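See below for the structure under consideration.
Source: prediction; values computed, not measured. Values reported hereafter were calculated over all heavy atoms of this structure, with side chains retained and with hydrogens, waters and symmetry mates removed. Each chain gets a letter, A, B and so on, in the order the sequences are listed, and its residues count up from 1.
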Amino acid sequence: MALKESLSMELEPVAPFNFKLSVHKPAGWWWSTPYELFQDETLWTAARLGGDLLGLKLHSVGTLLKPKLSCAVYSKNSLSDKEKIHLTETLSRALRINEDLCDFYSMAERDEILREVVHDLYGLRTTAWPELFPALILVLTLQMAPWKRSSEMMDLLLKNYGDDVNFDGKTVRYWPSPGKIAALTVEELRSKAKLGYRARNLSSIAKELNGGFPSMEDLYVMDPEEAKEKLMTLRGIGEYSAELISPRMGFPLDVWSAKIFNVLFFKKETDSPRGSIPDLKKTAEKHWGEWRGHVFTYILNDLPKISERMGVDLTKF
DNA sequence: GCGTCCAGGTCTACC
DNA sequence: GGTAGACCTGGACGC
């Protein structure tokens, strides 16, 4: 049954704000689910509020320098005032509506690597996950796997246990709830989603989230270091994963990105990408300080153009 | 066709 | 506190 429109609102992001670059990133990352649809400056996607599925239709009605977003929310039942406020706050946080990038851009203008990158991607907001569980599924499946295999694991989870959200003439496949995954056996997750050793970790995480683990909103208002430490109490979530999904992103280097940043920093490939991670993290912190998470997102979404300018293929890794 | 290696990390045991 | 070694699975590679 199709969901009905239950809330309509407008959001006015701090300029500059490029809607397309922010929710439909050049490197191919989705905002909420891999099955969301993006056409003509409109995003049809989904989310969960409490346990209920929502359809979201986000449309840019402004410009880069005078941005405005029209947001329509579709649900099975009407939303209470409290739910409407909660949803508005979640959308504002996850779209980084109030984030002012002025200081980042000022810093970038003085930086040899970043100067042209921020021109390429002017107005792009960094990754901010609408919900915690899908972000945790992503980082668990990224571990120790080539992208193709990670993608296969996520797809099997979505197809076997996810939900279809029907609204506005569209259907968007959305992630399973923690409760649904928590009810499955580790053996089933291992075989049906081909998760391997990750099945035990995902099962444990689903049970934690089902049992009252802080939400993304709770983590957002915590001290960034405290939020990271909290995430790392989850089984299978280490420093890399916690930094990648933390509401205030760190510099989440893995083997793939370490190879790229070695070439950017030191102009050469490394024989030991994993071993180089601590040094790269220190260099990034010294070089870019609190903006290193933004640098991470901007650079990894601009690899083709950076490669062209440097004469080195950074997309091959 | 078959064996081996290793990938967009994390945990544990051991020193 | 530092660090090998194990961990699912499947594609790449050498033979």
Side-chain angles (χ1 to χ4, degrees), chain A residues 25-30 34 126-127 129 132-161 181 184-209 213 227-246 249-265 269-282 284 292-293 295-304 306-307 312-317:
Chain A
K25 292 202 163 46
W29 294 104
W30 57 89
T126 52
T127 303
W129 310 98
L132 183 57
F133 192 50
L136 286 162
I137 291 175
L138 171 71
V139 293
L140 274 187
T141 55
L142 280 178
Q143 293 170 8
M144 279 298 283
W147 171 248
K148 192 177 172 191
R149 175 148 156 65
S150 301
S151 192
E152 183 186 24
M153 289 187 270
M154 283 186 271
D155 211 40
L156 286 168
L157 283 168
L158 279 156
K159 284 186 174 152
N160 288 325
Y161 309 113
I181 296 299
L184 302 171
T185 63
V186 171
E187 289 66 33
E188 178 170 351
L189 280 173
R190 189 189 294 265
S191 60
K192 285 203 177 167
K194 297 188 182 178
L195 287 175
Y197 73 90
R198 304 167 195 82
R200 189 176 298 279
N201 296 347
L202 184 61
S203 175
S204 167
I205 286 173
K207 285 170 185 154
E208 286 280 340
L209 264 61
F213 191 84
K228 182 176 152 186
E229 297 287 330
K230 187 69 191 171
L231 285 166
M232 286 174 69
T233 63
L234 294 170
R235 184 189 168 102
I237 299 300
E239 189 172 5
Y240 157 76
S241 301
E243 287 197 0
L244 189 59
I245 59 181
S246 172
M249 198 170 89
F251 199 70
L253 285 171
D254 49 23
V255 166
W256 168 70
S257 49
K259 287 177 185 169
I260 292 165
F261 279 97
N262 265 290
V263 176
L264 283 174
F265 281 148
E269 293 184 29
T270 174
D271 293 334
S272 172
R274 201 178 292 284
S276 71
I277 288 175
D279 274 349
L280 286 172
K281 286 174 89 87
K282 279 184 204 155
R292 61 194 185 283
V295 174
F296 187 86
T297 301
Y298 268 71
I299 284 183
L300 296 183
N301 277 288
D302 202 31
L303 293 179
I306 299 172
S307 300
V312 178
D313 184 11
L314 295 172
T315 64
K316 68 179 179 183
F317 296 115

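- Across all strands shown, R190(A) has heavy atoms under 4.0 Å from sugar-phosphate atoms exclusively, and none from any base.
- Separation of the C1' atoms belonging to dC8(C) and dC5(B) is 15 Å when rounded to the nearest angstrom.
- Here the CD1 atom belonging to I205(A) is positioned 8.5 Å from the CZ atom belonging to F213(A), to the nearest 0.5 angstrom.
- For W29(A) and W129(A), the ring centers sit 6.0 Å or farther from each other.
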Scan nucleotides 10-13 of chain C against the protein and return all N/O pairs shorter than 3.5 Å with their distances rounded to 0.1 Å.
unit_1  : atom_1 : unit_2  : atom_2 : d
dG10(C) : OP1    : K194(A) : NZ     : 3.3

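- Under the 4.0 Å criterion applied to side-chain N and carboxylate O atoms, K316(A) and E269(A) are assigned as salt-bridge partners.
- A 4.0 Å heavy-atom criterion places the boundary nucleotides of DNA chain B facing chain A at dA7(B) to dC11(B), written 5' to 3'.
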(message) Both atom distances under 3.5 Å, Watson-Crick or G-U wobble: I'd like the secondary structure of DNA chain B as a dot-bracket string, with | for pairs made across strands.
(response) |||||||.|||||||
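- You'll find the side chain of K281(A) reaches within 4.5 Å of the side chain of I277(A), heavy atoms only.
- Across all strands, L234(A) comes closer than 4.0 Å only to sugar-phosphate atoms, never to a base (heavy-atom distances).
- Taking atom P on both nucleotides, dT4(B) is separated from dA6(C) by 15 Å, rounded to a whole Å.
- Within 4.0 Å of L253(A), counting heavy atoms only, lies no atom of the nucleic acid at all.
- Within the nucleic acid shown, S150(A) has no heavy atom closer than 4.0 Å to any nucleic acid atom.
- A residue-by-residue look at W29(A) and G236(A) shows that W29(A) has its nearest nucleotide of DNA chain B further toward the 5' end.
- Each of L231(A), V139(A), L142(A) was evaluated against S241(A); a single residue qualifies, V139(A), per the side chain to side chain contact (heavy atoms under 4.5 Å, CB included) test.
- Remark: C1' of dT9(C) and CG of N201(A) are 15 Å apart, rounded to the nearest angstrom.
- Computed from coordinates, the Q143(A) CD to dT9(C) C1' distance equals 15 Å when rounded to whole Å.
- To the nearest whole angstrom, the two C1' atoms, one in dT3(C) and one in dG8(B), are 22 Å apart.
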